[in-house]
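Structure, as structure tokens:
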Amino acid sequence: MCGIVGAAAERDVTPILIEGLRRLEYRGYDSAGLAVLNGQNNLERVRAAGKVSKLSEALESTPVNGRVGIAHTRWATHGAPTDRNAHPHICRDEVAIVHNGIIENFEALRETQLAQGYEFQSETDTEVVVHQIHRNMQGSGDLLAAVRATVAELEGAYALGIVSCNDPGRIIAARRGSPLVIGVGIGEHFIASDVFALLPVTQQFIFLEDGDIADIRRDSLRIYDLDGNLVERPIQRSELAADSADRGRYRHYMLKEIHEQPRAITDTLEGRLLDDHVLEAAFGPKAHDIFSQLARIQIVACGTSYHAGMVAKHWMETLAGLPCDVEVASEFRYRSHVVTPGTLFVTISQSGETADTLAALREAKNLGYAATLAICNAPESSLVRESDLTLMTRAGPEIGVASTKAFTTQLVALLLLTVATGRYHRLDKAGETAVVEALRRLPRSLEAALALEADIERLAEQFVDKNHTLFLGRGPQYPVAKEGALKLKEISYIHAEAYPAGELKHGPLALVDTEMPVVAVAPKDDLVEKLKSNLQEVRARGGVLYVFADAGVNLKSGDGYEVLRVPEVAEVIAPIVYTVPLQLLSYHVAVLKGTDVDQPRNLAKSVTVE
Ligand code: AGP
């Protein structure tokens, strides 16, 4: 999704802006640009479709320098990813803005502005904002007053950074619906859409709240709330090191993040287990009162996080004995609901800023849920701040667009939730002890699964020239199969679908031939014999099977089967362990295909628009 960086300093800000944009590349984007106020306080702008490296090249032939500036990576929504549509947008050489979000009333504003004589250079919704600020600046010449008047006229979501040569030395920042953070340096200030952009220049951050407008100069900072009151927002120190988002010895962030899973899971468990039980207080001080009264769970999330919710439904209903519903946020938010009294509303999100998930949470607050709980990897995110209870996954920064360690740590958090709520229902002491023991063994089980990488790398060669792949699983392994299919399509662009294996004969079996590899996840569990029958159905039609199974399943390679041995693990954690080989498979197929693994085409890391 789009990224913002801005700086007001006593040094040339162009290198800070470029490095900030580079550090935001993981969010996904298709053009980049920056504008600075030069030594004569004139606006100078450079933009380029494509990667930040192209913007850097453009800056080599057209250098721009200044002490105040704003920069942007754009993920196209309104208008193609061209130089012309890239931000910053400028009005009459006087005002420049960068914008994340979508302005919903841009058409009406555009009509009015055309009648007022403004000329449009782009197809974006953003351009109306810069013209409106320019118009509102006439008379007073005060940039802050003009932004305040403008945002009152906007409908939709925005994070904005604005500079003007008529009011130099100043950046005005504003947010509603899209995140924006202020970096506090020594005698300098910065803005960014997330802290990673600014880690080389500061560790001190102020997280703007919805409706805030900030008046930023090199040596001063004022923040006003939605009602225009001057407010103090706390300065928070980030624990992230500037190199925390580095690739280290790995070729891609995704591979690094796959290998970080044992550590990420150890961190996610730390302080949440005591001896043989799960600490309820890990969910917050109100957890006991809320969990002891629950009758039902409603989970809402998107993409990979939704798949985590699907696994949790199995755990909730089989282990905890709690009825559990799961729905994608973009559907949940636009339909009517019948809420059972005593239902906990659970959101799952890596970023905590996913627009649909956030909107669903806000909607849920008016629907009579008992409480809201966020499972999230971003402590300062809107989702965390707006929920009654939270459980942070401690995956650390996830830079690859394809979620890996975020997913497995979400599953760990959801298993902790299953225990913490299940003990008021079906889960007895022995059941809790068994889950806790399995969780404690999980990091080692994941190490063993990662050791399959060399075999999986070889297996990947069988997929590289294929156009389609089927993934099969049953029970809690069906969402694992869905996650495997999502990974493959996201980064290798091979069309992949997942089915509950029993559903195969009701249609998808028609697709099976020698050109359709079929991947199955088959740990030894109550359903594995049924799954084996489903695999026979595939084999009988000439389908080639790649099966991830443990030694207890009694399947051998040969005659159309390739079996990869996954370590034997407790049934409850099998969905987490079996996820890893599927991540590795997608990764190695994508590498062989030569795709952009960390920043796949058309996708964004944090989807902050609807
Ligand atoms: C997963 O690989 C995707 N990048 C995507 O499906 C992602 O999980 C989804 O957009 C939800 O993001 P969130 O967890 O940050 O809310």
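For ligands, and for the atoms within them, numbers begin at 1 and follow the listed sequence.
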Give every donor-acceptor pair under 3.5 Å between a side-chain atom in residues 461-471 and any protein atom, sequence neighbours left out.
residue : atom : partner : partner atom : Å
His468  : ND1  : His495  : ND1          : 2.9

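Taking the six-membered ring for Trp and thresholds of 30 and 60 degrees, His99 and His87 have nearly parallel ring planes, at less than 30 degrees apart.
Remark: the Thr124 side chain and the Asn85 side chain contain no N/O donor-acceptor pair separated by less than 3.5 Å.
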Within the protein, flag every N or O under 3.5 Å from an N or O of ligand 1, and note the pair and distance.
residue  : atom   : partner : partner atom : Å
ligand 1 : 2 (O)  : Thr304  : OG1          : 3.3
ligand 1 : 2 (O)  : Ser403  : N            : 2.8
ligand 1 : 2 (O)  : Lys487  : NZ           : 3.1
ligand 1 : 2 (O)  : Glu490  : OE1          : 2.8
ligand 1 : 2 (O)  : Glu490  : OE2          : 2.9
ligand 1 : 4 (N)  : Val401  : O            : 2.8
ligand 1 : 4 (N)  : Glu490  : OE2          : 3.2
ligand 1 : 6 (O)  : Thr304  : N            : 3.2
ligand 1 : 8 (O)  : Thr304  : N            : 3.1
ligand 1 : 14 (O) : Ser305  : OG           : 2.6
ligand 1 : 14 (O) : Gln350  : N            : 2.7
ligand 1 : 15 (O) : Ser349  : OG           : 3.4
ligand 1 : 15 (O) : Gln350  : N            : 3.4
ligand 1 : 15 (O) : Ser351  : N            : 2.9
ligand 1 : 15 (O) : Ser351  : OG           : 2.7
ligand 1 : 15 (O) : Thr354  : OG1          : 3.3
ligand 1 : 16 (O) : Ser349  : OG           : 2.6
ligand 1 : 16 (O) : Thr354  : OG1          : 2.5

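Paired with Thr304 under the rule side-chain hydrogen bond (donor to acceptor under 3.5 Å, both in side chains), one option of Lys487, Gln410, Glu490 passes, and it is Lys487.
In this structure Tyr587 satisfies the ring-ring contact (aromatic ring centres under 6.0 Å, His included) test together with His252, sequence neighbours excluded. Partners of Glu280 under the salt bridge (charged side-chain N to carboxylate O under 4.0 Å, His left out) rule, at least two apart in sequence or in another chain, do not exist in this structure.
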